[in-house]
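Data first, discussion second: the structure below is written as structure tokens.
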2 protein chains.
Amino acid sequence: MTDTPTSAAPTDIRGPRLHGVYEALRAAVLSGEIRPGEGISETRVAARYGVSRTPVREAFRRLADEGFLRIVPQVGTFVAPIQLGAVSDSQFIRETLECRTVRLAAERAEAADVAALTRLLDSHRAVMAPDRHAEFFALDEATHAELARIAGRPAVWDLLVAVKAQLDRVRFLSLHSEGWAAKIVGEHQSIVDRVAARDPDGAEEAMRAHLRTVFAAVDEIARTNSHFFET
Amino acid sequence: MTDTPTSAAPTDIRGPRLHGVYEALRAAVLSGEIRPGEGISETRVAARYGVSRTPVREAFRRLADEGFLRIVPQVGTFVAPIQLGAVSDSQFIRETLECRTVRLAAERAEAADVAALTRLLDSHRAVMAPDRHAEFFALDEATHAELARIAGRPAVWDLLVAVKAQLDRVRFLSLHSEGWAAKIVGEHQSIVDRVAARDPDGAEEAMRAHLRTVFAAVDEIARTNSHFFET
DNA sequence: TCGCGTCAACTTGCATACTAGTATGCCATC
DNA sequence: GATGGCATACTAGTATGCAAGTTGACGCGA
């Protein structure tokens, strides 16, 4: 009680109830199952998941901090509208940080790192079918995470995961067209090629082009779903 | 912008009990009043502030999410050690984002913006006395926030406020030497000069030099207080 | 003296009861 | 019929009691 907290236990091994409710709600908001503006209530959610209000409250608070919910005291809790300003800021922050980390990755990559990236690309190509969308998404993320790891800055990707949240809400509004997967994988290939060639300038440029592709898609989806948004 | 220099939470108009406990604990941890490794308990804190465990719990959870506390179920809650890795990552993220925003600021600054920066510098010079440390600190933050605003990316500073948290804990471990304030203001002056001259390259270089000064001080404090840290 | 088992005193996680404030719909009144 | 006021049914904020788990000290036995 008085001295060091024994060991470096991860911060987040709380009870399974809280975790379950949090994950379920986060997925529901992210996937659009619960739509922006819709009201939810601690009592109803607690009843639905068969738990008490306490873990639900903590999940609500956390989701509110992440920008997914908006808690209005004595009134209710609502799914936050997607804020276009936040989307733009997310894009700016992501581009700034990932262009820098991919430069570092290109400078520091060793043979094993390039091999790992190549493996990820192969796996990515294997799940390009439309019915494996979730796997494709996960491998997309994994590739970016691996680049951050190679750069020696894995925490940067951890931060980006949080920052990207509003971006991902937009993504889920619409699945992408037929050639989308191939385009993404092709751009990833370009990035990996430049990293493998120890070419920081080229790697940064490839990353920037890749992100601009992603951002353009986000903007297009935003335009066609403006009712979910808030300036 | 006249709001508290900390806490970038968007919509957070919760009850005063939670807010009060949260602010008090955050200040206590940041200032080192409660030291890393020290154990606190919901019950004791609740009794001390005359509230029930519920608002204390929520404050604890929030502080744990920010990296200030470490909650170990069924064991206790402890002030998290300052993680050197997190400090390094904070520095990397801060340098990357602020160098980019200051470039933008230099490209976009108008006369009124330069005037605002100059006013901040004047105020800053007025509080260089050692007994006005808190005001000096606040104006330091305000200057960086203003640069982000001029760049059109105020949200970037909001993010940095959260990211910087671990850095600020280090800062509070030790007040700085006599010439410190003058050095900081001088470096701010250089940045503002380059922004006023619409010189993005010069502004970025001045910002980089400034941050390196700050980071070197952090590293030095870290070395002389290693018992509070964790690799 | 050292080792081990037991237990008491703590901790947080969860459930539930109560408080206070707000939105809403019904009803009486004009 | 339109309108204003009030009762009611919600909401989140808070307090508190109970459960499950860990820690560490104490005492017993070898």
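Side-chain atoms are counted along with the backbone in the values below, which use heavy atoms only and exclude waters and symmetry mates. Proteins get letters first, then strands, A, B, ... in listed order; numbering begins at 1 in each.
The separation between H19(A) atom NE2 and dG13(C) atom P is 14 Å, rounded to whole Å. Distance CZ (F78(A)) to C1' (dT22(C)): 11 Å, rounded to an integer number of Å. The separation between E58(B) atom CD and dA12(D) atom P is 12 Å, rounded to whole Å. With rounding to whole Å, F60(B) atom CZ is found 10 Å from dG13(C) atom P.
Using a 4.0 Å cut-off between charged side-chain N and carboxylate O, R94(B) and D89(B) make no salt bridge. We find that E135(A) and R132(A) are joined by a salt bridge, their nearest charged nitrogen and carboxylate oxygen being less than 4.0 Å apart.
For the side chain to side chain donor-acceptor pair (under 3.5 Å) test with K164(B), the passing option among H144(B), E141(B), Q91(B) is E141(B); the others fail.
In this structure, A151(A) and L104(A) approach most closely via the heavy-atom pair CB-CB, 3.7 Å.
Checking dT11(D), dA15(C), dT14(D) against the side-chain heavy atoms of Q74(A) singles out dT11(D) as nearest. Side-chain proximity of P73(B) to the nucleotides dA23(C), dG13(C), dT16(C) is greatest for dG13(C). For I71(A), the listed nucleotide lying nearest its side chain is dA12(D); candidates were dT16(D), dA12(D), dT23(D). Which of dA12(D), dT11(D), dT12(C) sits closest to the side chain of R57(A) comes down to dA12(D).
The phosphate of dA15(D) (OP1 or OP2) has no side-chain N or O of R53(B) nearer than 4.0 angstrom. Close to dT11(D), at under 4.0 Å from its OP1 or OP2, lies no side-chain N or O of T77(A). In terms of phosphate contacts, T54(A) brings no side-chain nitrogen or oxygen within less than 4.0 Å of OP1 or OP2 of dC14(C).
By the side-chain contact (heavy atoms from CB on, under 4.5 Å) test, R53(A) pairs with E42(A), T43(A), A46(A), R57(A), sequence neighbours left out. Contacts of R119(B) classified as side-chain contact (heavy atoms from CB on, under 4.5 Å), with partners at least two apart in sequence or in another chain: A115(B), A116(B).
In terms of modelled atom types and a separation under 3.5 Å, the side chain of S88(B) and the main chain of L84(B) share no donor-acceptor contact.
Residue-to-nucleotide proximity on DNA chain C shows that, of S52(A) and V75(A), the 5′-proximal contact is made by S52(A).
Contacts with DNA chain D (heavy atom under 4.0 Å) in residues 32-42 of chain A: I40(A), S41(A), E42(A), listed by number.
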